[in-house]
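In listed order, ligands and their atoms are each counted from 1.
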Amino acid sequence: MEHSILFTIQEEVNLVAEAIKSVLELEVIIYDQNHVVVAATGGGQHAVVGEQVRGHIIKEVLKTDQPIYNLNPGFHDACKSCVLYKNCAEKADVSYPLKHEGKNVGVISLTAFTKEQKAEFERKHDILSNYLDKMADLISSKINAESLLKKYLSMSQTLQVAIRSMNEGIIAADHNGRILEVNRSAKHILHIRRDEVLQLNLLDMMPDLPKVLFTGKGFTDRDYSFIINGEKINVFGSAIPLEHNEHIIGVVLSFKDQLEVQKFAYSITSEVDDSNFDIIVGKSKALLETKAIAKQVSATDSTVLFLGESGTGKELFARAVHNNSHRADKPFRAINCAAIPEALLESELFGYSEGAFTGARKKGKPGKFELANGGTIFLDEIGDMPLHLQVKILRVLQERKVERIGANESVDIDVRVLAATNKNLEKMVKDGEFREDLYYRLHVIPVHIPPLRERIGDVPVLLHYFVNHYMEITEKEIKGFSPDALELLSSYHWPGNIRELQNTVEYAINMASEQWVTCDNLPARLREVNESEEEQELTLSEMEEKMIKKALDKYGDTLDGKKKVAETLGINIATLYRKINKFEINRNMQM
Ligand SMILES: Nc1ncnc2c1ncn2[C@@H]1O[C@H](COP(=O)(O)OP(=O)(O)OP(=O)(O)O)[C@@H](O)[C@H]1O
């Protein structure tokens with residue numbers, strides 16, 4: 001049987017029945033659409049609540065949607081099928097349809113059981129219709145209110161579940177700052193306990209709130225802060241004022257932890273960076289020593305200055321240091337101070353606040369220092385930093401605070417600084433082009449990265465590494481370099497260092513049509529250098545001999561010279577002696 005809506009407001013239906021009885025002095029029974037008694041006056045004498053009745057007249061009313069005034073009960077057409085046809089105990093009755101949203105939901109029935117009541121019934125006949133109409137409306141509006149309340153409760157329940165399960169912090173407060181609702185995430189972000197919430201007032205916690213409540217102007221997607229128990233907590237989100245009848249009655253705040261937002265932005269805007277010390281290729285003593293120092297300093301939070309020519313791998317080292325440090329899962333932000341126009345460099349580094357410049361993004365923007373918060377910033381080409389910004393950088397390094405352009409308060413930051421330059425900073429300091437105080441701040445741990453020409457022994461290892469790398473990318477099957485190509489690559493002086501070598505291999509692999517890369521596949525500039533030299537076919541071992549001779553010419557065949565040769569060629573001193581013996585190099589050896 002369909003659930004009867006009248007039973008959901010049974011209490012109100014009872015009151016209506018009693019009200020009708022007290023005015024009309026007639027017994028009242030109210031049925032639902034299944035002819036079940038919902039309310040009955042007369043203490044159950046004429047009808048029992050919850051029981052279904054035969055109700056021939058009731059059925060007729062529900063079917064025709066018209067009231068029936070019956071002064072001769074038992075003789076109505078509808079009574080013909082009733083067992084009490086022409087023998088009904090009732091003296092008179094009226095049955096009136098109850099409607100809700102256009103549908104019949106029940107019937108109000110008034111019955112006279114005595115002659116007196118019937119007389120009363122006849123006397124008040126005129127007002128009955130009007131009165132019952134009003135009572136039917138009253139019941140209908142109760143049903144409306146009930147279903148509205150139900151809808152509202154279920155909506156509010158859904159909303160509460162949604163708000164509670166949101167990752168964003170949500171706080172709702174009235175216009176006095178009294179907190180009405182706080183979700184779990186808000187408590188977590190603001191480090192407040194459930195029992196603390198009631199003692200807090202949002203006006204004391206959020207410096208920007210009075211303005212929002214006073215002006216009625218909220219904001220969306222911007223940085224703001226809370227101050228709770230003396231602790232400042234920076235968040236990112238919105239404040240939406242609540243209005244009623246043109247009055248501000250409260251506010252809803254939604255927010256996320258600022259660091260989390262930055263971390264998320266970093267994770268979706270940065271490529272996966274797995275640079276570590278293992279991918280820094282090379283076996284020369286010089287490189288191995290540099291790697292050892294860099295690994296050692298990874299563990300600390302000290303500032304490191306990488307010194308070396310362009311393309312030697314300074315950024316690669318910086319990334320490896322970061323990824324090998326306790327900050328590895330935090331952002332690494334690199335900024336090339338030489339590549340960014342001077343006018344933009346300041347805002348790139350320090351960011352700007354809302355409305356700092358006309359035409360600037362309205363909401364303001366964090367700079368690299370803020371974006372690197374918790375992690376590492378890499379200031380590449382620091383030697384190209386203009387003097388006026390050097391002062392600002394120095395302040396950040398000293399105070400560990402960043403002030404956005406146009407802001408009047410600074411933000412605490414926890415950033416490890418790594419810097420690099422290919423310039424002679426010491427000379428720049430002497431020439432007044434670089435601030436001495438900044439130089440000493442950066443120069444805490446200097447790490448020299450040797451140029452490739454001083455570790456020529458790394459060339460074959462790097463070639464092998466990059467051949468594999470580009471073979472994978474181009475899906476070509478390359479076995480290696482022909483001896484003459486290898487000789488050419490090993491004798492080249494590599495002014496562009498590893499970057500140049502990397503580009504050379506990429507070019508060569510693309511050009512190669514055979515399994516071996518030949519001289520013809522190498523960039524013209526390398527061949528041109530070699531063309532000045534005598535054309536000759538060399539075997540691998542001849543090439544080795546030639547490289548050793550060349551290095552001995554350069555460093556001399558003293559013990560120190562040989563040590564240097566071995567280091568440059570990436571072999572140990574014993575191997576060098578073995579090879580010298582093998583090639584019977586006729587030299588005046590000093591042991
Ligand atoms: N030892 C190495 N092993 C493998 N790849 C290397 C090595 N050193 C450098 N590279 C690669 O060479 C290229 C240049 O390196 P990187 O950008 O780190 O040099 P840099 O010294 O920072 O250059 P610049 O001063 O011009 O910014 C990068 O692609 C890097 O991955």
Side-chain angles (χ1 to χ4, degrees), residues 270-295 297-298 303-324 332-340 345 348 368 376-385 417-425 428 434 442 445-474 489-490 492-510 523 567-570:
S270 341
E271 293 163 23
V272 178
D273 176 19
D274 55 1
S275 310
N276 56 49
F277 287 109
D278 295 339
I279 65 159
I280 303 183
V281 177
K283 288 198 171 133
S284 64
K285 196 172 166 223
L287 184 83
L288 294 180
E289 269 173 15
T290 309
K291 266 171 87 167
I293 297 172
K295 262 187 200 170
V297 299
S298 302
T303 302
V304 179
L305 180 63
F306 293 98
L307 301 158
E309 291 175 14
S310 180
T312 45
K314 296 186 292 297
E315 178 160 351
L316 189 62
F317 265 95
R319 287 183 184 273
V321 165
H322 169 77
N323 287 333
N324 205 39
F332 174 93
R333 290 281 175 179
I335 181 162
N336 188 319
C337 309
I340 297 175
L345 190 56
E348 278 296 309
K368 291 273 188 207
T376 305
I377 190 166
F378 175 54
L379 304 169
D380 200 3
E381 313 271 17
I382 187 85
D384 290 83
M385 178 79 68
V417 178
L418 303 178
T421 184
N422 55 16
K423 296 205 165 157
N424 184 342
L425 284 191
M428 287 180 74
F434 203 85
L442 295 173
I445 303 176
V447 175
H448 293 267
I449 304 184
L452 193 51
R453 66 181 169 282
E454 284 179 19
R455 45 180 169 119
I456 217 72
D458 283 345
V459 170
V461 199
L462 283 162
L463 287 175
H464 181 72
Y465 173 76
F466 287 126
V467 165
N468 283 338
H469 176 70
Y470 289 109
M471 247 169 50
E472 224 171 84
I473 295 176
T474 56
L489 290 163
S490 304
Y492 183 64
H493 60 296
W494 297 112
N497 288 300
I498 294 138
R499 182 179 290 112
E500 189 186 6
L501 183 136
Q502 182 175 352
N503 293 345
T504 303
V505 176
E506 184 178 1
Y507 177 91
I509 302 277
N510 277 290
E567 186 188 320
T568 310
L569 296 178

Just go through E315, Q502, E309, R319 and tell me whose heavy atom is the nearest to atom 22 (O) of ligand 1.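 Heavy atom nearest to atom 22 (O) of ligand 1 belongs to E315.
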Can you classify the ring geometry of Y465 versus H469 as parallel (below 30°), tilted (30 to 60°) or perpendicular (above 60°)? parallel
Once you measure the plane-to-plane angle for F306 and F317, does it fall in the parallel (<30°), tilted (30-60°) or perpendicular (>60°) bin? tilted
How far apart are the closest heavy atoms of V459 and L489, and which atoms are they? CG1-O, 4.1 Å
Is there a donor-acceptor pair closer than 3.5 Å between any side-chain N or O of [X] and the backbone N or O of [Y]?
X: N497; Y: R499; result: no
X: K295; Y: F277; result: no
X: K291; Y: I280; result: yes
X: N324; Y: A320; result: no

Count the heavy atoms of every other residue, nucleotide or ligand shown that sit under 6.0 Å from NZ of K368, and state whether that count exceeds 12.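 Yes, NZ of K368 has more than 12 neighbouring heavy atoms, counting only those of other groups under 6.0 Å.
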Would you mind telling me if ligand 1 is within reach of the side chain of [X], the backbone, both or neither, using heavy atoms under 4.0 Å?
X: F277; answer: neither
X: D458; answer: neither
X: Y465; answer: side chain

N/O of R499 under 3.5 Å from N/O of ligand 1, yes or no? yes
Heavy-atom side-chain contact between F466 and T504 under 4.5 Å: no
Just wondering, do T376 and R333 contact through their side chains at under 4.5 Å, heavy atoms? no
So for F306, does at least one of its heavy atoms come nearer than 4.0 angstrom to any atom of ligand 1? no
Is the closest heavy atom of L462 to ligand 1 under 4.0 Å? yes
In terms of residue, atom name and distance, what is the protein heavy atom nearest to [atom]?
atom: atom 15 (O) of ligand 1; answer: G313 CA, 3.6 Å
atom: atom 5 (N) of ligand 1; answer: F466 CZ, 3.5 Å
atom: atom 25 (O) of ligand 1; answer: K314 NZ, 2.7 Å

Should you measure from each heavy atom of [X], which atoms of ligand 1 turn up under 4.0 Å away?
X: S310; result: 24 (P), 25 (O), 26 (O)
X: I498; result: 6 (C), 7 (C), 8 (N), 9 (C), 10 (N), 11 (C), 12 (O)
X: D380; result: 27 (O)
X: I279; result: 3 (N), 4 (C)
X: G311; result: 19 (O), 20 (P), 21 (O), 23 (O), 24 (P), 25 (O), 26 (O)
X: L316; result: 2 (C), 5 (N), 6 (C), 7 (C), 8 (N), 9 (C), 10 (N), 18 (O), 31 (O)
X: V281; result: 1 (N), 2 (C), 3 (N), 4 (C)

Show the atom names and distances, to 0.1 Å, of all donor-acceptor pairs under 3.5 Å that link a side chain in residues 450-458 to residues at least two apart or in another chain.
from	atom 1	to	atom 2	distance (Å)
R453	NH1	E309	OE1	3.2
R453	NH1	E309	OE2	3.4
R453	NH2	E309	OE2	2.4
R455	NE	P450	O	3.0
R455	NH1	D458	OD2	3.3
R455	NH2	P450	O	3.1
D458	OD1	K283	N	2.7
D458	OD1	S284	N	2.7
D458	OD1	S284	OG	3.3
D458	OD2	S284	OG	2.7

